[in-house]
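Comments concern the structure below.
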Amino acid sequence: MRRLLERLEAGTPLPFAWCGISDTRYIDMVAGYNFDAVLMDMQHGFFDEASVQNGISAVVAKGKSPLVRIPVGRWDMASRVMDFGALGVVAPMINSVADAQAFAGAMKYIPRGERSFGPRHAASVYGVSVPDYLEGIDAASLALAMIETREAVAAVEEIVAVDGIDGILIGPGDLSISVRQNRLPDAYGPDTIEIVKTIIAAAKASGKKATAFAGNPEDANMLATLGVDMISIGEDGSYIDKGIAMHIDRLNFV
Ligand code: 3PY
Ligand code: MG
């Protein structure tokens with residue numbers, strides 16, 4: 001149950017996979033690579049509640065940490081995937097202190113939040129007793145607020161200060177869309193890179209984790225030099241595209 005926290009405390013950036021394809025066999029394969037954690041995406045990916053449950057079991061069986069991105073504003077789902085055994089939840093489009101408070105409230109038990117009691121399955125996933133799960137999970141889990149709009153950037157210091165918010169996750173695509181008012185993303189481009197540094201600094205200044213999405217290894221390496229604590233690398237499309245392209249490109253008969 002403390003594996004994500006302990007890995008973060010190691011101090012080197014933690015690489016994690018970003019998955020929208022919900023097939024459990026695929027998640028099992030991804031978790032076998034050198035990622036510390038696997039994110040299952042319910043916002044833009046194909047995960048539903050059943051596939052998140054199965055995916056969490058597959059990730060934990062590989063000794064890795066399961067993360068879930070919930071759909072926008074679905075605080076009920078934050079509590080629900082925690083009950084399935086998630087160790088971290090990513091909430092998209094956290095644009096205000098009110099959003100952050102509602103998210104944190106769904107993630108943490110009293111007195112910090114109002115997560116409803118139903119921990120038996122999650123405790124079993126980690127082989128701990130219900131009292132031990134209840135005692136430890138608020139500190140061991142990550143509630144990550146996505147900062148990906150101009151509104152969120154304007155309020156980032158207040159958002160990271162909310163009790164129960166453990167850190168931020170930078171969504172560079174939506175951030176660039178919002179900042180540039182252009183629906184074609186320019187992730188980590190010249191119009192947003194200084195803003196990205198401001199977001200990281202705000203998280204660090206309040207003792208919270210700075211985490212981010214990177215669509216490719218180059219962006220991931222750049223984020224590591226900026227002190228980002230946990231960095232996703234690629235996503236299904238690039239994993240499959242690069243693998244298939246390698247096989248086809250090496251053929252000498254097509
Ligand atoms: C973004 O870049 O906007 C994200 O949400 C990461 O997928
Ligand atoms: Mg986004």
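Each ligand, and each atom within it, is numbered from 1 in the order the structure gives.
Between Asp229 and Lys204 a salt bridge is recorded (basic side-chain N to carboxylate O distance below 4.0 Å). Between Asp41 and Arg69 there is a salt bridge, since at least one side-chain N of the basic residue sits less than 4.0 Å from a carboxylate O of the acidic one.
The shortest N/O to N/O separation between Asp174 and ligand 1 falls below 3.5 Å.
Protein heavy atom in closest approach to atom 6 (C) of ligand 1: Phe213 CG, 3.5 Å. Here the protein heavy atom with the shortest distance to atom 2 (O) of ligand 1 is Gly173 N, 2.7 Å.
Around the Mg ion (ligand 2), the protein atoms of type N, O or S found under 2.8 Å away are Glu148 OE1, Asp174 OD2, listed by chain and number.
The distance from ligand 1 to the heavy atoms of Met146 drops below 4.0 Å at these ligand atoms: 4 (C), 5 (O). Remark: ligand 1 atoms within the under-4.0 Å shell around heavy atoms of Glu148 are 1 (C), 3 (O), 4 (C), 5 (O). Listed by atom number, the atoms of ligand 1 under 4.0 Å from Gly171 heavy atoms are 1 (C), 2 (O), 3 (O), 4 (C).
Residue Met42 forms a side chain to side chain contact (heavy atoms under 4.5 Å, CB included) with just one option from Ser51, Pro71, Pro92, and that option is Pro71.
The distance from the CD1 atom of Ile177 to the OG1 atom of Thr149 is 11.5 Å, given to the nearest 0.5 Å.
Between the side chains of Ser238 and Asp241, no donor N or O sits under 3.5 Å from an acceptor N or O.
Nearest residue to atom 4 (C) of ligand 1 from Glu235, Met93, Arg69, Gln43 is Arg69 (criterion: closest heavy atom).
The closest approach between any non-hydrogen atom of Pro92 and ligand 1 is not below 4.0 Å.
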